[in-house]
J.: 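Sharing a structure below in structure tokens format, with a few things to ask.
Just so you know, these numbers come straight off a predicted model, no measurement behind them.
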Amino acid sequence: MFWELQKASYRAIQVVMKGVLRILPVPVPEIFAGAGSLAKLPASIRAHGVGRVLVVTDKGLAAAGLVQRLSDSLEEAGIPFTLFDDVQPNPTLQNVEEGLRLYESNECDGIVAFGGGSPMDCAKLIGARATNPKRSVQDMRGLFKVRKKLPPLLAVPTTAGTGSETTAAAVISDPESHEKFAVVDLKLVPPVAVLDPELMLGLPPHITAATGMDALTHAVESYIGGYKTRFTDENGEKATRIIFEDLEAVYRDGSDLDRRNNMALASFYAGSAFTRAYVGYVHAIAHNMGGLYGVPHGLANAIILPHVLRFSRKEAEKKLADLARASGLGTETDSDEELSHRFIQRIEEMNRNMDIPTFIKEIQEEDIPLIAERALKEGNPEYPVPRLMNRQECEALVRQMLPPTDEGR
Ligand SMILES: NC(=O)c1ccc[n+]([C@@H]2O[C@H](COP(=O)([O-])OP(=O)(O)OC[C@H]3O[C@@H](n4cnc5c(N)ncnc54)[C@H](O)[C@@H]3O)[C@@H](O)[C@H]2O)c1
Ligand SMILES: [Fe+2]
């Protein structure tokens, strides 16, 4: 009975939120897309009146030789910059503060976010701290707590991906509490996004797979949720179709520039959809896997996605079937029920083909109550999911992803 009342209250809050979201003017970044589009970055930095930029990136990108490419292009164009390459995967509050110190001590007045979601999110929060120095990142946790506009932030994603280059979110980890949380504000949408597939050619297969499945999760969760609009539907359908067609091929052959380009666009489309229509329990649980165990975000999503879809299959049946038809998995004459199953099976098949396991090896049985508590604190009532989940249901779902034991679970 209590759960029934609670569900009704969550749904009431979501009705109000849906109305608010429809009138919210979410900014759209200026996009430079296609092979070689990184060359447009220096002129765009200049056009934004920036004197010295802080380049926010990570050591992996330096090792891949990509930071050198960016530095060369900035030097050639005579744009002064300071390099901050200490962002960790699942970036931390400390990463933000460290980047902020460099930003201030070098008198930067703009930021280039260069990398996957981790450097992009860290860069967003460095920018937010720079113009809102009295607010800590924790003060800005949640919705619309960034008071002042950020300095110009130009995002160059090198994974496909989080879509952070077009979203209003930045996700950050607190290493003390092992919590991962989001700051969400329209001011965090970067004014410029450079989608250059050449930067993604060397992305290792396992990161290609995980980040691609993150984009798919954005497309699917926003599509089956209650905040969808025609705009988010179109973007979700385009993204899903591309990911079904191209992700496995690009996992096998990372040098395929056309497919890398498609994936960069798919990630952007999926980001545009979910920043307006939100995500769901896959993300709520995945954030805990990142915060507690450091599991890469996309990998966690890929494993959790089929489980959450099965949990909500009946309620999401029509939408899953529509998405299946839009991505070529069936026709009008196939039943919704049949197509919704086929859609979930297709995701499991992709996971298998890309060597993504069916369990999360880090999960500890004794952590499950905490995982469920935190996941539902994040998801309820914020995410407009097709079927609401309670504590027992969430614990049972997470338990399905425990690693096999020697006795063979
Ligand atoms: N802001 C948002 O809207 C949003 C959405 C989804 C996820 N996220 C967050 O983004 C983070 C994950 O981002 P991610 O999945 O892009 O991974 P990531 O940024 O953590 O990068 C993963 C690894 O890939 C390497 N890498 C990146 N690009 C490369 C390239 N082109 N060549 C070779 N190596 C490369 C990096 O060095 C790093 O080691 C998580 O913290 C997640 O919570 C944010
Ligand atoms: Fe994500």
Side-chain angles (χ1 to χ4, degrees), residues 3-26 141-144 162-163 166-169 171 180-186 188-189 214-237 239-240 269-288 301 304-323 326 336 340 343-344 347 372-391 393-394 397:
W3 175 230
E4 293 305 315
L5 282 175
Q6 207 164 28
K7 280 201 281 191
S9 81
Y10 291 158
R11 291 304 190 201
I13 293 168
Q14 289 170 2
V15 168
V16 176
M17 196 58 196
K18 181 174 180 163
V20 173
L21 283 173
R22 286 202 173 219
I23 52 171
L24 216 58
V26 183
R141 179 175 182 157
L143 269 184
F144 308 138
T162 65
T166 184
T167 74
V171 192
K180 199 166 174 187
F181 64 89
V183 175
V184 182
D185 196 294
L186 298 184
L188 296 181
V189 179
D214 183 25
L216 180 66
T217 308
H218 297 153
V220 177
E221 290 208 288
S222 57
Y223 197 87
I224 63 175
Y227 295 165
K228 72 210 286 284
T229 63
R230 187 169 332 154
F231 176 87
T232 65
D233 274 358
E234 282 170 8
N235 279 279
E237 286 173 6
T240 307
Y269 298 145
S272 311
F274 96 79
T275 202
R276 291 164 177 82
Y278 282 43
V279 283
Y281 292 133
V282 181
H283 270 78
I285 299 169
H287 288 153
N288 281 281
N301 277 336
I304 302 165
L305 181 60
H307 291 275
V308 172
L309 290 183
R310 282 203 199 291
F311 173 81
S312 22
R313 193 205 59 80
K314 217 158 182 314
E315 289 74 5
E317 184 175 279
K318 163 104 184 51
K319 291 172 185 170
L320 289 173
D322 286 345
L323 207 44
D336 285 355
S340 64
F343 189 82
I344 300 170
I347 292 171
E373 182 195 326
R374 286 183 175 175
L376 295 184
K377 186 171 145 217
E378 173 177 331
N380 293 336
E382 191 168 330
Y383 299 155
V385 292
R387 176 180 171 196
L388 289 166
M389 198 184 276
N390 63 28
R391 283 280 283 278
E393 289 163 338
C394 190
L397 190 141

J.: With a 4.5 Å cut-off on side-chain heavy atoms, are Tyr227 and Ser222 touching?
T.: no
J.: Working to the nearest 0.5 angstrom, can you tell me the gap between Thr167 OG1 and Arg276 CZ?
T.: 10.0 Å
J.: Do you know the tightest heavy-atom contact between Gly236 and Ala219?
T.: O-CB, 3.8 Å
J.: Measuring from His218:NE2 to Thr162:OG1, what's the distance to the nearest 0.5 Å?
T.: 6.5 Å
J.: Out of curiosity, Glu237 CD to Asp322 CG, how far, rounded to the nearest 0.5 Å?
T.: 7.5 Å
J.: What residues, two or more places apart in sequence or in another chain, satisfy side-chain contact (heavy atoms from CB on, under 4.5 Å) together with Thr217?
T.: Glu221, Val282, His283, Asn301, Leu305
J.: Return the CE to OH distance between Met389 and Tyr281, rounded to the nearest 0.5 Å.
T.: 6.0 Å
J.: Hey, does Leu309 have a side-chain heavy atom less than 4.5 Å from the side chain of Ile347?
T.: yes
J.: How close do Glu378 and Glu382 get, heavy atom to heavy atom, and via which atoms?
T.: O-CB, 3.5 Å
J.: Determine the sole option in Arg313, Arg310, Lys318 for which the side-chain hydrogen bond (donor to acceptor under 3.5 Å, both in side chains) test with Ser340 is passed.
T.: Arg313
J.: Answer yes or no: is there a donor N or O on one side and an acceptor on the other, between the side chain of Lys180 and the main chain of Val171, under 3.5 Å?
T.: no
J.: Going by heavy atoms in the side chains, are Phe343 and Leu323 under 4.5 Å from each other?
T.: yes
J.: Taking the side chain as every heavy atom from C-beta outward, state whether Tyr278 and Val385 have any atom pair closer than 4.5 Å.
T.: no
J.: Please step through side-chain contact (heavy atoms from CB on, under 4.5 Å) for the pair Val184 and Arg141, ending with a clear verdict.
T.: CA-CA 7 Å; Val184 182; Arg141 179 175 182 157; over 6 Å; no
J.: To the nearest 0.5 Å, how far apart are CG in Asp185 and CZ in Phe144?
T.: 6.5 Å
J.: Please answer whether the main-chain N or O of Glu315 pairs with a side-chain N or O of Ser312 as donor and acceptor at a distance below 3.5 Å.
T.: no
J.: Return the minimal non-hydrogen interatomic distance between Val279 and Tyr383, and the atom names on each side.
T.: O-CB, 3.4 Å
J.: Could you give me the CA-CA distance, side-chain angles and deciding distance for Ile224 and Leu320, then say whether side-chain contact (heavy atoms from CB on, under 4.5 Å) is met?
T.: CA-CA 7 Å; Ile224 63 175; Leu320 289 173; 3.8 Å; yes
J.: Once you round to the nearest 0.5 Å, how far does CG of Leu24 lie from CG of Leu186?
T.: 4.5 Å
J.: Please give me the minimum heavy-atom distance between Cys394 and Ile285, naming the atom from each residue.
T.: SG-CD1, 4.3 Å
J.: Can you list everything that forms a side-chain contact (heavy atoms from CB on, under 4.5 Å) with Ile13? Sequence neighbours excluded, please.
T.: Pro381
J.: Whether Arg387 engages the ring of Phe311 as a cation-pi pair (distance to the six-membered ring centre under 6.0 angstrom, angle to the ring normal within 45°) should be assessed.
T.: yes
J.: Side chains of Glu234 and Tyr269: donor-acceptor distance under 3.5 Å anywhere?
T.: no
J.: State, to 0.1 Å, how close Gly271 and Thr166 come at their nearest heavy-atom pair, and which atoms those are.
T.: C-CG2, 3.7 Å
J.: Carefully, step by step, assess Leu216 and Thr240 under the rule side-chain contact (heavy atoms from CB on, under 4.5 Å).
T.: CA-CA 6 Å; Leu216 180 66; Thr240 307; 3.9 Å; yes
J.: Taking NZ, NE, NH1 and NH2 as the nitrogens, is one of them in Glu4 or Lys7 under 4.0 Å from a carboxylate oxygen of the other?
T.: yes
J.: I need the minimum non-hydrogen distance between Pro384 and Ala277, along with the two atoms involved.
T.: CG-O, 4.0 Å
J.: Please determine whether side-chain contact (heavy atoms from CB on, under 4.5 Å) holds for the pair Tyr10 and Leu388, giving the CA-CA distance in whole Å, both sets of side-chain angles, and the decisive distance to 0.1 Å.
T.: CA-CA 9 Å; Tyr10 291 158; Leu388 289 166; 4.1 Å; yes
